[in-house]
There are 2 protein chains.
Amino acid sequence: MQLHKRDVVEAATAILDDYGIADLTMRRLARELDVTPGALYWHFANKQQLLGAVADRILQPALKEPPSPTWRESISGACERLRDALLSHTDGAELVSASFAAGQSQAATEFLAQLADAATEAGVDAEHADLAARTVVYYVLGFTVDEQSRLQWDAAGALPSDQSVLSTDLGAAWPATSDSSNRFAFGLRLLIDGIAAHRASRQGQSVG
Amino acid sequence: MQLHKRDVVEAATAILDDYGIADLTMRRLARELDVTPGALYWHFANKQQLLGAVADRILQPALKEPPSPTWRESISGACERLRDALLSHTDGAELVSASFAAGQSQAATEFLAQLADAATEAGVDAEHADLAARTVVYYVLGFTVDEQSRLQWDAAGALPSDQSVLSTDLGAAWPATSDSSNRFAFGLRLLIDGIAAHRASRQGQSVG
DNA sequence: ACCTGAACACCGTTCAAGT
DNA sequence: ACCTGAACACCGTTCAAGT
């Protein structure tokens, strides 16, 4: 039967989840779809574009924005959804980070625009709102790439019996997800406070 | 004559500057050094490690820290030196960003420690100083990767005669380096203000 | 319109064997 | 100790030709 873009992206996501970004090659993907590598180039101009489509798929859940009462919650909510989306696919942060840098993810652009809106709400002038949004995205991507590589490294080295590197002392379980989330929230607060400070130093508006 | 690590890193940097990161392959590098690819693996365990050494070389100028009167100037000074170092090599931001994420650059770790010291000076507790430093580095790397890709794209498309995409209107020259630097400074101020706000919300210290 | 076959021009890495 | 020769197991991309 006919090959459609959606099938290709779905199969690519499956390879990503099961084997990671290093195994997500055009040839491997073609094999999985029972076609010749050349077939993929009928649907996608090149690998970068295909990865961009995978990035868009990963970012879908991060784009739903429930209305927030304050701009602070708009930003931190969006960032938490972004991090969650990245963490729910093997090497998700790395893939999206690369696609974002290459300008191949339409969803990333959309996400950026949402953040810029929140920054505008916060009182940042239009000229700088996009920049504030980018700064926030750089943080989330950088943090999550780091976090995910550690998580996956630990998961790979984890033996069936709980023999972790840091669990030589009894009882004390390995610093869990909650700690990582706290660390994430710290950096986020830094940025949000920075945006608030900028707003305040420009013109006095109602406190968000 | 004998091949030394320093020769290899120097030749690698030359390829980077002249042809970019895509052409910085082990085989190409070996050819340039008049050796067999296998020879490189006597001196470096793998390509990542070699790229880490190149990153260290690029970061060297960013590590000199002149004493600053305030922690704010320590941070912004370090960040400007980092950006300058990255921009002075083709694809420098991309290479250092990758090496940093892979944990292969010793210089990047050192740079991080310097920033963490400044954050501590600012009144951030030890537990969070490293995190604040990372947040700043994520910003500088993210911003500069973006900036450099645009710069290089423009430079590649620039015809001998000043036929730029945006210069269809007369007189108005293309937004120059100064604008980019202003944008860089904006995001940096955001982060520094965020750090200051965090310090203030914790305990009242002398204003930096 | 959509895909195959086959090629082009490469990669990173390993390792016995040489000096 | 340091490097070569040669191989292993791959890559992304193109494009005439088929259906």
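Naming: A, B, ... by sequence-line order, numbering from 1 per chain. Treat the numbers as computed from the prediction; the structure is a model and nothing was measured.
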ask   = Charged N to carboxylate O below 4.0 Å: is that the case for A:Arg28 and A:Glu32?
value =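 Salt bridge present between A:Arg28 and A:Glu32.
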query = Are B:Asp146 and B:Arg150 close enough for a salt bridge, meaning some N to O gap below 4.0 Å?
reply = yes
Provide, to the nearest angstrom, the distance between the [atom1] atom belonging to [X] and the [atom2] atom belonging to [N].
X	N	atom1	atom2	answer
A:Trp42	C:dA1	CH2	P	6 Å
A:Leu40	D:dG12	CG	P	10 Å
A:Asn46	D:dC11	CG	P	17 Å
B:Met26	C:dT14	CE	C1'	12 Å
B:Asp23	C:dG12	CG	P	11 Å
B:Lys47	C:dC10	NZ	P	14 Å
B:Arg27	C:dT14	CZ	P	13 Å
A:Arg31	C:dT4	CZ	P	15 Å

Nearest to side-chain heavy atoms of [X], which nucleotide of [options]:
X	options	value
B:Leu3	C:dC3, D:dC3, D:dT4	D:dC3
B:Pro37	C:dT13, C:dC3, C:dG5	C:dT13
A:Gln2	C:dC3, D:dC3, C:dG12	C:dC3

note = DNA chain D nearest-nucleotide lookup for A:Ala45 and A:Arg28: closer to the 5′ end is A:Arg28
inquiry  = Roughly how many Å apart are C:dA9 and D:dA9, using the P atom of each and rounding to a whole number?
reply    =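 About 24 Å, rounded to a whole number of Å.
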key: Under the 3.5 Å Watson-Crick or G-U criterion, the dot-bracket string of DNA chain C, with | for inter-strand pairs   = ||.|||||...|||||.||
B:Gln48 side chain near C:dG12 phosphate (N/O to OP1/OP2, under 4.0 Å) = no
request  = May I ask you to evaluate whether B:His43 reaches the phosphate of D:dA1, defined as a side-chain N or O under 4.0 Å from OP1 or OP2?
outcome  = no
task = Evaluate the ring planes of A:Phe184 and A:Tyr139, with Trp represented by its six-membered ring, and classify them as parallel (under 30°), tilted (30 to 60°) or perpendicular (over 60°).
result =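 Parallel, since the angle between the ring planes stays under 30°.
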ask   = What is the ring orientation for A:Phe186 with B:His128, classed by angle as parallel under 30°, tilted 30 to 60°, or perpendicular over 60°?
value =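 Answer is parallel, since the angle falls under 30°.
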request  = Among A:Thr120, A:Val124, A:Asp117, A:Ile192, find the residue that satisfies the side chain to side chain contact (heavy atoms under 4.5 Å, CB included) test when tested with A:Trp71.
outcome  =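 Of the listed residues A:Thr120, A:Val124, A:Asp117, A:Ile192, the side chain to side chain contact (heavy atoms under 4.5 Å, CB included) partner of A:Trp71 is A:Ile192.
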task = For A:Thr25, report the nucleic acid contact type (base, sugar-phosphate, nothing); a contact means any heavy atom under 4.0 Å.
result = sugar-phosphate
inquiry  = Let me confirm one number: the SG-CD1 distance from B:Cys79 to B:Ile75, rounded to the nearest 0.5 Å.
reply    =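 Nearest 0.5 Å value for the SG-CD1 distance: 7.0 Å.
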request  = Applying side chain to side chain donor-acceptor pair (under 3.5 Å) between A:Ser181 and each of A:Glu80, A:Glu147, A:Arg83, report the one that passes.
outcome  =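 Among the candidates, only A:Arg83 passes.
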